[in-house]
Number of protein chains: 2
Amino acid sequence: MTPEPSRPSLPLQPSPPSKPTMRDVARKAGVSIATVSRVINFPGDVPAKTAEIVNTAMRYLNYRPNINGRRLKMTQTRTVGVLVPTLANPVFATSVQGIEQEANAEGLTVLLTSSSYDPDREMGAVSALLNNRVDGLILTLADADNNPVVDLLLAEKIPFVLLFNQPARSDIAAISVDNAQSAFDITNAMIAKGHRSLAMVAGRFESSDRSRQRYDGFCRALRDAGIKTPHLVQVGFGETDLKAYLRDLLCGLDAVTGLVCSTDMLAIAAIDACRSYGLSVPDDVSVGGIDGISVGGLITPKLCSAVQPTQEMGRQALAFLRGLIKGQANPQSLLLPHHLSDGESIGSFRRRSST
Amino acid sequence: MTPEPSRPSLPLQPSPPSKPTMRDVARKAGVSIATVSRVINFPGDVPAKTAEIVNTAMRYLNYRPNINGRRLKMTQTRTVGVLVPTLANPVFATSVQGIEQEANAEGLTVLLTSSSYDPDREMGAVSALLNNRVDGLILTLADADNNPVVDLLLAEKIPFVLLFNQPARSDIAAISVDNAQSAFDITNAMIAKGHRSLAMVAGRFESSDRSRQRYDGFCRALRDAGIKTPHLVQVGFGETDLKAYLRDLLCGLDAVTGLVCSTDMLAIAAIDACRSYGLSVPDDVSVGGIDGISVGGLITPKLCSAVQPTQEMGRQALAFLRGLIKGQANPQSLLLPHHLSDGESIGSFRRRSST
DNA sequence: TCCGCCAATGTAAACGTTTCAAACATTCAT
DNA sequence: ATGAATGTTTGAAACGTTTACATTGGCGGA
């Protein structure tokens, strides 16, 4: 039998000086691991003197608690998952800011993902969040009704709050403004200025139930005013060049004088398209948006929009979710008030000067 | 010895039907827990027949792997942390999109936090990320030089990539454009149009080294052109109303005809301020930005800006970080090319019509 | 002196994974 | 039939916490 090569039987020391653990701190401080845990989690329960020793040891070793160990042990992870369609639209970025603000105040961790407006990616994203054992979720879905994600969450009894979605069922938590009413109001503002030939520029219905609900509000306003034909153009999300989409509406014989856009981002793009056709906003065409993103107030013409309290909605969504997680609240829809901003992008109707 | 009260010695069943674990799947499938693990992680290593049985069991039980268990065991967590100043500025939101895109493609999880431009919150945010045992970090810091976060990361040998920061040290990984040169170029564009009286509108230096670097580029352009006084206004981040900041510059006797802004968001706000003073851009005042956010191309006047490939920078930052994590790459700075957009917000100098 | 009590601390068993070494089963050449 | 070689599967020990329960020691009162 050949002798073993010179490899020693016990490793000399774990080669990489790997991260210090609670055990290391305990050893250093000459206390038990349980005491260290108490110093971290229940500082009041341990005499100041001991705490001091332990804290010194922690500082000396550069100890950081491994959250994964904790999360594994604890039933609650103090983590919430967030799914938004995209961060590119400031309306969602702002709502996330509200969520994070409130989460920070509560010491909660936020796991953020986005679906890129693709309904098929929602399930994957939520799955990933659930694998992280989040305590609850805040979601902005393409379509809140008949959504497999909603069904899953309901079945697994995972607390969740929809944000911006306005689902048909009233027994699921949702924070939004009244989408139809928002569109109704901004449309009426145009009608009040004498416009009769209006079109809605909307995000694709299959990527956004808000878009559909807003279209409904638009239609209702037209109907109430006795206007027949509700023009509609659906635009893919992320599109910023609307020239091709709007050519017929803006340059045709029966050209439209008012564009109601389902989001402010679309409204800004629509104004740009008008301009590229040599049309002035609001002299030739009036444009209204919905959302109330802050940049709308800075551009020329100042965008007239149905403003929702975006950041506050994010905050409330998190606050509400906390209630659900604690079992203190029952799922319910909350409609927050919106208001029309006094923009310049909607003007009085005047017959279009020949182009 | 009194007999035990009626409490049964074994709990009948764990009251809440808690989430199924690998053990449950193993039991159901009649295999060992190790086999289940292999089906999940190395599907190739297990015969199709066994895999099928296990997969069926997983579906039947609605099994989801608990990522926290995995993360605890594994040395790598396949998670990266990201810190940005804010999501409210589309330039960062867009870079995060680039990061997420690349991360998704690699199956990495992204942990996102923001500092609200507050240097004091950077350490806390990074600490939280490190407690999560991220494999590496992508950071946009207020000031990359002499930054305690950088020192910490270097000391603990945690891979990280700075994004948008352009640190003095060349041995730390950073992906950015040449900030000074960007400002230099956009300033020169104004000088080429005949402007001699220029001011920079910059984000507060203490919240942004980019701001300072861009100011340097601005000054250099003025110096090269033999212009003496580089006006400077520092603006707090998040401010959108610049009227008060710009009154003296715009309305004084020695009024300025060009505003170079350290970010596009500031440029948009500056244009708004000009307008509120009855000044036309670009007829009375030229305004240039830096960043190249997409909304800049949609507004009137189209914003002239030094455009950086924001989303691509995010992607590259993640790709680079992966290299660092694998130990395949050495930290180094990468400067990506920028270009001037053909905006309308910069016009030829003409003597200001009397206000 | 002894007892009981309380505060302070310690012990050890989870939590749900991954993974190494070892066991087992099968095939095939001898 | 035997053994080697190969292909599957398993047992059990981590990973770093939290926490129910046990232990210790000190102190006041009898």
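Reminder, nothing fancy here: chain letters follow the sequence lines and each chain counts from 1.
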*For B:I40 and A:G30, take the nucleotide of DNA chain C holding the closest heavy atom to each; which residue's nucleotide lies nearer the 5' end?*
A:G30
*asked:* Taking A:N68's backbone N and O only, do any of them form a donor-acceptor pair with A:N66's side chain (distance below 3.5 Å, no angle check)?
replied: yes
*Do A:R133 and A:T79 get their side chains close enough for a donor-acceptor pair, meaning under 3.5 Å?*
no
_Students often get this wrong, so: under 4.0 angstrom with heavy atoms, is A:N41 touching a base, only sugar-phosphate, or nothing?_
sugar-phosphate
*Is there side-chain contact between B:L162 and B:T140, with at least one heavy-atom pair below 4.5 Å?*
no
_If we ignore hydrogens and angles and just use 3.5 Å, is the side chain of A:S127 paired with the main-chain N or O of A:G124 as donor and acceptor?_
no
*Verify, without hydrogens or angle tests, whether B:S114 (side chain) and B:S116 (backbone) share a donor-acceptor contact under 3.5 angstrom.*
no
_Between A:I99 and A:I138, is there a side-chain heavy-atom distance shorter than 4.5 Å?_
yes
_D:dT10 OP1/OP2 closer than 4.0 Å to side-chain N/O of B:T35_ = yes
*asked:* Near DNA chain D, counting only heavy atoms under 4.0 Å, which residues of residues 126-136 of chain A show up?
replied: none
*In whole angstrom, what separates B:F42's CZ from D:dT8's P?*
16 Å
*Within 6.0 Å of CG in B:N146, more than 12 heavy atoms from elsewhere*: no
*Start with the C-alpha distance between A:M74 and A:Q76, add both sets of side-chain angles, then the distance that settles side chain to side chain contact (heavy atoms under 4.5 Å, CB included), and finish with yes or no.*
CA-CA 5 Å; A:M74 309 253 284; A:Q76 304 230 130; 5.6 Å; no
*asked:* Can you work out whether A:V36 or B:T50 has the more 5'-proximal nearest nucleotide on DNA chain D?
replied: B:T50
*asked:* What verdict does the salt bridge (charged side-chain N to carboxylate O under 4.0 Å, His left out) test give for A:E52 and A:R59, after you've listed the backbone C-alpha separation in whole Å, the side-chain angles of each residue and the deciding distance to 0.1 Å?
replied: CA-CA 11 Å; A:E52 183 47 32; A:R59 271 194 301 275; 3.8 Å; yes
*Within residues 64-79 of chain B: residues closer than 4.0 Å to DNA chain D (heavy atoms)*: B:L72, B:K73
*Could you tell me whether B:S37 contacts a base, only the sugar-phosphate backbone, or nothing, with contacts defined as non-hydrogen atoms closer than 4.0 Å?*
base
_Boundaries of the chain A footprint along DNA chain C (any atom under 4.0 Å from a heavy atom)_ = C:dA8 to C:dG16
*asked:* Rounding to an integer number of Å, can you tell me how far A:R38 CZ sits from D:dT17 C1'?
replied: 14 Å
